[in-house]
Every structure is written in structure tokens, then in C-alpha cells.
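Ligands are counted one by one from 1 in listed order, and the atoms in each one are counted from 1 as well. A quick note: this is a predicted structure, and the numbers were derived from the prediction, not measured.
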Amino acid sequence: MSEAKPVVLKIGGSVITDKNGELAARTEVINRLAEEIAKANVKNLVIVHGGGSFGHPTAKKYGIKEGLKEEAQKVGFAETHHVMTVLNGLVMDALVWHEVPAVSVTPSSCMLTDNGRINMFDETVTRMLLKMGFTPVFYGDATLDTQLGFTVLSGDQIVAYLAKKLGARKIVLGVDVDGLCDVDPKTVKTAKVYPRVSLQELRAFDGKLDKSTAADVTGGMLGKVTELIPAVEQGIPVAIVNASKPNRVYRALVGEKVEGTLIEKA
Ligand code: IPE
């Protein structure tokens with residue numbers, strides 16, 4: 001039984017999938033990350049992964065985020081959830097293969113949202129998994145919503161929520177760029193990474209950062225940063241690192257110096 005405060009790791013969908021494709025998993029990246037996670041051997045680790053080219057295109061096609069408006073969307077809700085379980089299966093495959101005691105926790109089965117925000121989480125199983133030394137693995141999912149009928153719950157919201165709820169010691173955000181940048185690094189080559197950002201600066205960014213990737217139904221880097229504010233307010237530091245590059249997630253997990261952005265309360 002381990003009592004250490006949890007570390008919450010998010011692996012972005014654009015890291016583990018090719019967002020330009022459809023249902024295009026990057027299995028070699030998933031494998032490398034599983035190896036890094038196994039090597040880091042963090043006590044009380046919670047993993048959350050994104051949807052990339054699995055969840056987003058299907059969610060967009062059926063307008064899942066906007067909620068239930070017509071019967072025909074129901075199969076789209078089912079499909080969005082299903083493709084996420086397929087991607088999750090690939091992630092679980094790699095983790096278990098590398099002997100990480102990872103157990104999948106399905107957000108749509110233990111969380112409800114109210115107008116897009118988590119308002120119910122049955123945490124009993126997750127807490128017991130952690131207590132027993134397992135690594136719970138969540139993912140962005142299509143979830144039921146008390147106002148909208150259903151919606152899309154982003155992995156980023158889950159990360160911030162779990163970090164707060166479980167009193168995490170830190171959040172590691174694995175993305176496909178080198179950190180939080182002044183301009184979109186995917187379109188502007190001269191983009192600069194902010195090595196350290198305070199809560200005050202983070203609040204000022206909100207609304208200014210570029211909205212990257214229109215195909216992303218949950219809001220790109222801007223959405224990520226906005227989601228993190230409540231966790232940072234609670235004193236939980238966030239390391240944003242490039243998970244597409246080897247060893248950055250490993251270093252962030254074990255607390256070694258690593259290129260990226262560190263967000264701290266003060
Ligand atoms: C999206 O999760 C899940 C669905 C679209 C069903 P995220 O919003 O966390 O995914 P990424 O990391 O941006 O791809």
C-alpha cells in the first residue's frame with residue numbers, strides 16, 4: 001500500500017495518434033511511452049490519454065460535444081465511446097506488456113457532466129486501485145451530461161479534476177510541441193517556449209494563445225491551459241513536455257531537469 005501523493009500524467013491524443021489520419025495510432029510512440037512510464041516507476045501514478053484521430057473525428061461528425069438533439073446521434077455517441085476504448089486498448093496493451101500494473105477506468109461509466117463540466121465522479125474504485133498500487137488509466141470520452149444528454153469530456157478536464165480531487169503532487173502534460181509557446185509552434189518556426197509560467201501569467205494567457213488545430217473538438221492548447229488553472233490554484237505544479245521526443249516524459253515523471261514549461265502557483 002502506497003500513500004504518496006499521486007502524479008497525474010496526460011498523454012495528448014496528437015502524440016499517440018496521427019491527427020491527420022483517421023483511427024491512425026502511433027504504436028511505436030505508445031510503446032516507447034509505456035517503456036518510459038515503466039522505467040520511471042512512479043508511486044501512485046494516474047494516466048489520462050487523449051483521443052486524437054480516434055475520438056475527435058467521430059465526435060465532430062455527430063456533433064457529440066453539443067449534446068443530444070436527434071436520435072441519429074446516439075449511434076455516434078456509441079461510436080465515439082467505442083473508438084476511444086479501441087485506442088485505450090492499444091495503450092493498455094503497451095503498458096501491461098511493459099509490466100505496468102495499469103487498469104483502465106472508463107470515464108463514461110464513473111463520471112457525469114453538467115453542461116460539459118464534471119459534476120459526478122464515483123471515485124471509490126480509483127482510490128482503491130491507487131491504494132493497492134495499481135495505475136488507473138483514464139481517457140477523454142463521450143460521457144452522459146445532465147443538461148445536454150451527452151457531450152465530450154476532454155482528457156485535460158479529467159486531469160485537472162483528478163489532480164485536485166486526489167491531491168496530486170504534480171501534473172505532467174505530454175504534448176506534441178516543446179511546451180507552452182508564445183505563438184503556435186506548428187505554424188511559426190520562431191515560436192519560443194516559456195520555460196516557467198506563474199499562475200498570474202497563466203491567467204493572462206487565457207484568451208490570448210492561438211487556437212491550434214481546428215479538428216480538435218476540445219480546444220487545443222488554449223483549452224488545455226484554461227483547464228489547468230484550478231489545479232495550479234490549488235498549488236499543483238504542471239510540467240508541459242514534448243512527449244513525441246524520447247525521455248522527456250520519463251524525466252518529468254522522475255523530477256529530472258527537462259526541456260518544457262513549468263507552471264507553478266507563484
Ligand atoms: C478527446 O479527448 C476525447 C474525444 C474526442 C472523445 P482529449 O480532448 O483529451 O484528446 P486530445 O488529447 O486533445 O486528442
Mark the output for Gln157 as yes if a heavy-atom distance to ligand 1 is under 4.0 Å, and as no if none is. no
Look at ligand 1 and say whether Lys19 reaches it with a heavy atom at a distance under 4.0 Å. yes
Indicate yes or no: does an N/O atom of [X] lie under 3.5 Å from an N/O atom of ligand 1?
X: Leu153; value: no
X: His49; value: no
X: Thr80; value: no

side-chain hydrogen bond (donor to acceptor under 3.5 Å, both in side chains) involving Gln73 - partner list, sequence neighbours excluded: none
Val193 and Gly260: which non-hydrogen atoms are nearest, and at how many Å? CG1-O, 3.9 Å
Heavy-atom pair with the smallest gap, counting every atom of Thr143 and Ser108: CG2-CA, 3.7 Å
Classify the contact between Met84 and ligand 1 as side chain, backbone, both or neither, using a heavy-atom distance cut-off of under 4.0 Å. side chain
So if I count the atoms of ligand 1 from 1 in the order they appear, which ones are less than 4.0 Å from some heavy atom of [X]?
X: Gly55; answer: 4 (C), 5 (C), 6 (C)
X: Gly12; answer: 12 (O)
X: Lys10; answer: 9 (O), 12 (O)

Roughly how far, to the nearest 0.5 Å, is CG of Asp114 from CD of Gln147? 4.5 Å
Return yes if a side-chain donor-acceptor contact under 3.5 Å exists between Thr126 and Glu123, otherwise no. no
What side-chain donor-acceptor pairs closer than 3.5 Å can you find for residues 96-107, not counting sequence neighbours?
| unit_1 | atom_1 | unit_2 | atom_2 | d |
| --- | --- | --- | --- | --- |
| His98 | ND1 | Ala94 | O | 2.9 |
| Ser104 | OG | Asn88 | OD1 | 2.7 |

Evaluate the side-chain proximity of Phe54 to Thr17: yes if any heavy-atom separation is below 4.5 Å, no if none is. yes
Which option, Gly155, Gly52, Gly50, Gly140, owns the non-hydrogen atom nearest atom 14 (O) of ligand 1? Gly52
